[in-house]
K.L.:
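This structure is in structure tokens; I'll ask about it shortly.
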Amino acid sequence: QVQLVESGGGLVQAGGSLRLSCAASGFTFKSYSMGWFRQAPGKEREFVARISWSGGVTNYADSVKGRFTISRDNAKNMVYLQMNSLKIEDTAVYYCAANLGSTYYRTDDYGYWGQGTQVTVSS
């Protein structure tokens with residue numbers, strides 16, 4: 001069955017860094033673009049970053065551009081999110097997902113989701 005398992009979340013001080021990982025299985029990973037989303041308490045799930053199937057194209061939300069980097073390793077069925085210069089407002093549960101639709105920024109276009117990993121940024 002399809003599985004996406006995130007890891008690497010935790011508690012970090014503002015200005016610090018974290019690297020999230022997502023292990024994929026149960027589908028042809030290299031054929032799908034992959035995305036990261038996040039959801040803060042009381043807020044809707046929002047797009048963070050996306051990477052094309054080949055890794056050649058990446059897209060970012062304006063709020064993380066220049067601080068976060070998405071990457072993938074198709075040989076290992078892994079997708080990563082390097083998060084630098086973290087801010088308190090980056091606190092959220094982060095989800096990786098496989099893109100099955102025609103856009104990259106809408107949750108509705110993602111069909112496979114992980115269970116999420118908590119990122120907490122403190123002052």
Side-chain angles (χ1 to χ4, degrees):
Q1 72 278 20
V2 172
Q3 275 197 312
L4 293 170
V5 180
E6 302 95 336
S7 60
L11 175 63
V12 63
Q13 285 192 321
S17 298
L18 280 175
R19 188 195 195 205
L20 305 184
S21 299
C22 174
S25 62
F27 65 104
T28 310
F29 176 78
K30 63 182 179 181
S31 298
Y32 292 88
S33 65
M34 296 294 296
W36 285 96
F37 285 73
R38 66 186 181 186
Q39 188 166 19
K43 295 189 176 181
E44 291 188 353
R45 194 168 297 189
E46 65 175 5
F47 169 75
V48 174
R50 168 258 189 183
I51 188 165
S52 64
W53 64 271
S54 67
V57 179
T58 56
N59 305 93
Y60 297 93
D62 287 344
S63 58
V64 306
K65 204 170 293 185
R67 300 188 297 122
F68 290 11
T69 303
I70 188 171
S71 61
R72 68 188 295 160
D73 184 337
N74 284 346
K76 296 181 179 179
N77 284 9
M78 296 290 295
V79 61
Y80 307 98
L81 186 68
Q82 177 67 43
M83 306 186 295
N84 298 329
S85 302
L86 282 160
K87 304 177 180 180
I88 292 175
E89 52 263 42
D90 293 321
T91 296
V93 177
Y94 283 71
Y95 300 89
C96 73
N99 188 314
L100 306 182
S102 58
T103 77
Y104 63 81
Y105 51 86
R106 300 191 324 153
T107 57
D108 287 350
D109 284 324
Y110 288 78
Y112 307 143
W113 291 86
Q115 82 291 346
T117 185
Q118 176 71 48
V119 171
T120 303
V121 184
S122 65
S123 58

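Every heavy atom of this structure was used, including side-chain atoms; hydrogens, water molecules and symmetry mates were not.
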K.L.:
Check whether any side-chain N or O of Arg106 sits under 3.5 Å from a backbone N or O of Ser102 as a donor-acceptor pair, and report yes or no.
P.N.:
no

K.L.:
Can you tell me how far CE of Met78 sits from CG of Asp73, rounded to the nearest 0.5 angstrom?
P.N.:
8.0 Å

K.L.:
So do the side chains of Trp36 and Ile51 get within less than 4.5 Å of each other, counting heavy atoms only?
P.N.:
no

K.L.:
Do Ile88 and Val93 belong together in a cluster built from hydrophobic side chains that touch within less than 4.5 Å?
P.N.:
no

K.L.:
Where do Val48 and Leu81 come nearest, in terms of heavy atoms and distance?
P.N.:
CG1-CD2, 4.2 Å

K.L.:
What's the shortest heavy-atom distance between Phe37 and Tyr105, and which atoms?
P.N.:
CE2-O, 3.8 Å

K.L.:
What orientation do Tyr32 and Phe27 show, parallel under 30°, tilted 30 to 60°, or perpendicular over 60°?
P.N.:
perpendicular

K.L.:
Please determine whether the number of non-hydrogen atoms from other residues, nucleotides or ligands lying under 6.0 Å from atom CD of Glu44 exceeds 12.
P.N.:
no

K.L.:
Give me each pair satisfying disulfide (SG to SG under 2.5 Å) with a member in residues 54-123, each pair once, sequence neighbours excluded.
P.N.:
Cys22-Cys96

K.L.:
Checking side-chain contact (heavy atoms from CB on, under 4.5 Å) between Phe68 and each of Leu20, Thr58, Leu86, which is the one that passes?
P.N.:
Leu86

K.L.:
Is it true that a side-chain atom of Glu6 and a backbone atom of Gln115 form a donor plus acceptor pair closer than 3.5 Å?
P.N.:
yes

K.L.:
Any chance NZ of Lys65 has more than 12 other-residue heavy atoms, nucleotides or ligands included, within less than 6.0 Å?
P.N.:
yes

K.L.:
Of all heavy-atom pairs between Val57 and Arg50, which one has the smallest distance, and what is that distance?
P.N.:
CG1-NH1, 3.6 Å

K.L.:
Would you check if the side chain of Thr91 reaches a backbone N or O of Val121 as a donor-acceptor pair within less than 3.5 Å?
P.N.:
yes

K.L.:
For Phe29 and Asn74, which heavy atoms make the closest approach, and how far apart are they?
P.N.:
CE2-OD1, 3.2 Å

K.L.:
Would you mind listing every disulfide (SG to SG under 2.5 Å) that reaches into residues 40-69, with sequence neighbours excluded?
P.N.:
none

K.L.:
Grab the two heavy atoms, one from Tyr112 and one from Val2, that are nearest each other, plus how far apart they are.
P.N.:
CG-CG1, 3.5 Å

K.L.:
Does Tyr110 use its side chain to pair, donor to acceptor, with the backbone of Tyr104 at less than 3.5 Å?
P.N.:
yes

K.L.:
Is a donor on one side and an acceptor on the other found under 3.5 Å between the side chain of Asp109 and the backbone of Thr103?
P.N.:
yes

K.L.:
Membership question, hydrophobic clusters at under 4.5 Å side-chain separation (ILVMFWY): are Tyr95 and Met34 in the same one?
P.N.:
no

K.L.:
Can you run down the salt bridge (charged side-chain N to carboxylate O under 4.0 Å, His left out) pairs that involve residues 27-39, sequence neighbours left out, and say none if there aren't any?
P.N.:
Arg38-Glu46, Arg38-Asp90

K.L.:
Is a donor on one side and an acceptor on the other found under 3.5 Å between the side chain of Arg72 and the backbone of Ser52?
P.N.:
yes

K.L.:
What are the two closest non-hydrogen atoms of Ser17 and Gln82, and how far apart are they?
P.N.:
CB-NE2, 4.0 Å

K.L.:
Without swapping roles, check the side chain of Tyr80 against the backbone of Thr69 for a donor-acceptor pair under 3.5 Å.
P.N.:
no

K.L.:
Does the pair Asn77 and Ser25 meet the rule for a side-chain contact (heavy atoms from CB on, under 4.5 Å), with working shown?
P.N.:
CA-CA 7 Å; Asn77 284 9; Ser25 62; 5.5 Å; no

K.L.:
Does atom CH2 of Trp113 have more than 12 heavy-atom neighbours from other groups under 6.0 Å away?
P.N.:
yes

K.L.:
Treat each ILVMFWY residue as a node, draw an edge where side-chain heavy atoms are under 4.5 Å apart, and state whether Val119 and Ile70 are in one component.
P.N.:
yes

